[in-house]
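These notes are about the structure you will find just below.
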Amino acid sequence: MLNTSGRIAAMRKHGKTVFCDISDSTGRIQLFINKKNLDDTGWELLGKLDLGDIIWVSGSLFVTRTGELSVRVVSLVLLVKAVRPVPVVKTDAEGHVHDAVSDPDFIYRHRALDLMLNETSRNRFIARSRIITAVRSYLDSDGFLEVETPVLQQIYGGAAADPFVSHYNSMDDQCYLRIATELYLKRLVTGGIHRVYEIGKDFRNEGVDRTHSPEFTQLELYEAWTDYEGMMSRFESIVQAAAQAAGVGPVVHYAGHDIDLTPPFKRISFVPALHEKSGEKLFEWSTERLSGLVSSLGLGDGINERPALLDKLFDHYVTPGIIQPSFVIDYPVELSPLAKQKADDPGITERFEAFIAGLELANAFSEQNDPVYQRKVLEDQAAQSQHRKGVVDNEFLYALEVGMPPAGGLGIGVDRLVMILTGAASIRDTILFPYLRREQ
RNA sequence: GGGCCGCUAGCUCAGUUGGCAGAGCAUCUGACUUUUAAUCAGAGGGUCGGGGGUUCAAUCCCCCCGCGGCUCACCA
């Protein structure tokens, strides 16, 4: 005799015999319900049950003549009535799913139904959780300390993005939701936490598309006594651990490509790749000429900042073709204000961005720890900024001035990693409750 | 923000050169004691995203709006 409960997923009535499938997070089992095994109350209740109702049953296990493990029900209790109709999804003998709830608007707004009915979605979020657990486990076992830094910040930084602005009533103070954790985590490296990481939400006040969400989960890690080469190894290891946790790899199929996650990943040098793919020596062009090209390619008008132009052209010519896991290295210094320059070429930084399937998954560099140089870069940047004229994070610079050990830093877009590993076409499919416009 | 596409029953979708709104599943009634997309017979179910316009007549054509998707722009 056993007791179990679950949500009614299917019901096949045959007069005085009824087959009913119930499911919970541990699985699905068939109930064999026969009038002769139930009292009248139970039998009467059975007639009123709908798909989606949650019931409790007791009975004995047996195998039907078609070989299916079932519960011969002797007692039946309604635990929860589904007062709103639950859509019916059926899977036929060939495994084809019929009437799957697929309207994206419906799925994002009614995630409860999506998870209840769509196995793909349910499995994706389970995989996401396991991926994050595996990444934590990898870092923890290698001596990294997980920390939490402020989400509410008086000075935001660590990335070039517009913030969400808020207001703290009690102190009558304007504050911002963080756009990155970088500048706080580096203070911890100075403080002697030489292996440190945070997994958390960053918020960027920008448009939404297939690969961007206004709130997204980022892993940032910092490690003293290493550099961007060390971060490449970390990235490769993290991808390995994540893929294993997701139950995929070493080759994953994504967006029509077979992607081999086996390290080492390819390295692509920024300027040569840009020159090769564009067929022009763009890096030697004047800013005015670059601006004209960007404009004529329809990539944006009126842009006259050299870093932005180069970045845009790189994204246009090179990025889409990077399918296999690759590190783009040797970024021009103008694109990388927080990165350390190469000893033998101050125009190039010790930095990489990691790409898979044309998606930017990570950004990393040997951290700039020269306080004089860093202050100059940030102050110059602040002087040019329209929104934050003259605002510099002096506490961050103070930490550099005290002396930050040489360190590598790595930021990984967790949602995008989950996309690749779970075959999600949109970042929204990896976020349980993506931001949607209000319903009228 | 621009362009394109979509919005019809609880779910998935048809549909009409503009003429009473359709199917499958779900729901309700009935039949059926080993089924598994159960089957069979019958029934109910709609502001055709919202508003305006054209028309004898609009779910369909036109305009405005809403929501969503793709895409471009924005995006260290």
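Note that these values count all heavy atoms, side chains included, but never hydrogens, waters or copies made by symmetry. First the proteins, then the strands, lettered A, B, ... as listed; each starts at 1.
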Looking just at side-chain N and O atoms, do [X] and [Y] make a donor-acceptor pair shorter than 3.5 Å?
X: A:T181; Y: A:E198; answer: no
X: A:R12; Y: A:Q30; answer: yes
X: A:R351; Y: A:N363; answer: yes
X: A:R124; Y: A:T422; answer: yes
X: A:Y184; Y: A:E182; answer: no

With a 3.5 Å cut-off and just heavy-atom distances, do the side chain of [X] and the base of [N] make a donor-acceptor pair?
X: A:T64; N: B:U35; result: yes
X: A:S70; N: B:U34; result: no
X: A:H212; N: B:C75; result: yes
X: A:E360; N: B:A76; result: no

Donor-acceptor pair, side chain of [X] and main chain of [Y], under 3.5 angstrom:
X: A:R187; Y: A:A399; answer: no
X: A:R7; Y: A:G52; answer: yes
X: A:D415; Y: A:I427; answer: no

Specify the residue among A:R12 and A:R351 whose closest nucleotide of RNA chain B lies further upstream toward the 5′ end. A:R12
Report the residue (A:A425 or A:A161) whose heavy-atom-nearest nucleotide on RNA chain B is the more 5′ of the two. A:A425
Could you state the atom-to-atom distance from [atom1] of [X] to [atom2] of [N] in whole Å?
X: A:Y331; N: B:A76; atom1: OH; atom2: C1'; result: 9 Å
X: A:H14; N: B:U39; atom1: NE2; atom2: C1'; result: 8 Å
X: A:F216; N: B:C75; atom1: CZ; atom2: P; result: 15 Å
X: A:I8; N: B:U27; atom1: CD1; atom2: P; result: 10 Å

Determine: side-chain N/O of [X] to OP1/OP2 of [N], distance under 4.0 Å, yes or no.
X: A:R210; N: B:G69; result: no
X: A:S102; N: B:C13; result: yes
X: A:K13; N: B:U39; result: no
X: A:R428; N: B:G69; result: yes
X: A:R65; N: B:U34; result: no
X: A:R438; N: B:G68; result: no
X: A:R204; N: B:A76; result: no
X: A:R437; N: B:G68; result: yes
X: A:K312; N: B:A73; result: no

Please state the [atom1] separation for the pair [N] and [M] - nearest whole angstrom.
N: B:C62; M: B:C4; atom1: P; result: 13 Å
N: B:U59; M: B:C7; atom1: C1'; result: 12 Å
N: B:C67; M: B:C74; atom1: C1'; result: 22 Å
N: B:A26; M: B:G66; atom1: C1'; result: 29 Å
N: B:U8; M: B:C40; atom1: C1'; result: 29 Å
N: B:U27; M: B:G68; atom1: C1'; result: 28 Å
N: B:G49; M: B:G10; atom1: P; result: 13 Å
N: B:U36; M: B:C25; atom1: P; result: 15 Å

Of the listed nucleotides ([options]), which one gets closest to any side-chain atom of [X]?
X: A:D92; options: B:G69, B:A37, B:U34; value: B:A37
X: A:P85; options: B:G10, B:U12, B:G69; value: B:G10
X: A:Q30; options: B:G69, B:U12, B:U35; value: B:U35
X: A:T66; options: B:U35, B:C11, B:A76; value: B:U35
X: A:P337; options: B:A76, B:U34, B:C11; value: B:A76
X: A:V101; options: B:U27, B:C11, B:U33; value: B:C11
X: A:L51; options: B:C28, B:U36, B:A26; value: B:A26
X: A:E206; options: B:G69, B:A76, B:C75; value: B:C75
X: A:F62; options: B:U33, B:U34, B:A37; value: B:U34
X: A:S426; options: B:U35, B:C70, B:U12; value: B:C70

With both distances under 3.5 Å as the test, what is the Watson-Crick or G-U wobble partner of [N]?
N: B:G66; answer: B:C7
N: B:C40; answer: B:G30
N: B:G19; answer: B:C56

Would you call A:T149 and A:L183 a side-chain contact if the rule is heavy atoms closer than 4.5 Å? no
Please classify the nucleic acid contact of [X] as base, sugar-phosphate, or nothing, using heavy-atom distances under 4.0 Å.
X: A:R28; result: nothing
X: A:F32; result: base
X: A:D21; result: nothing

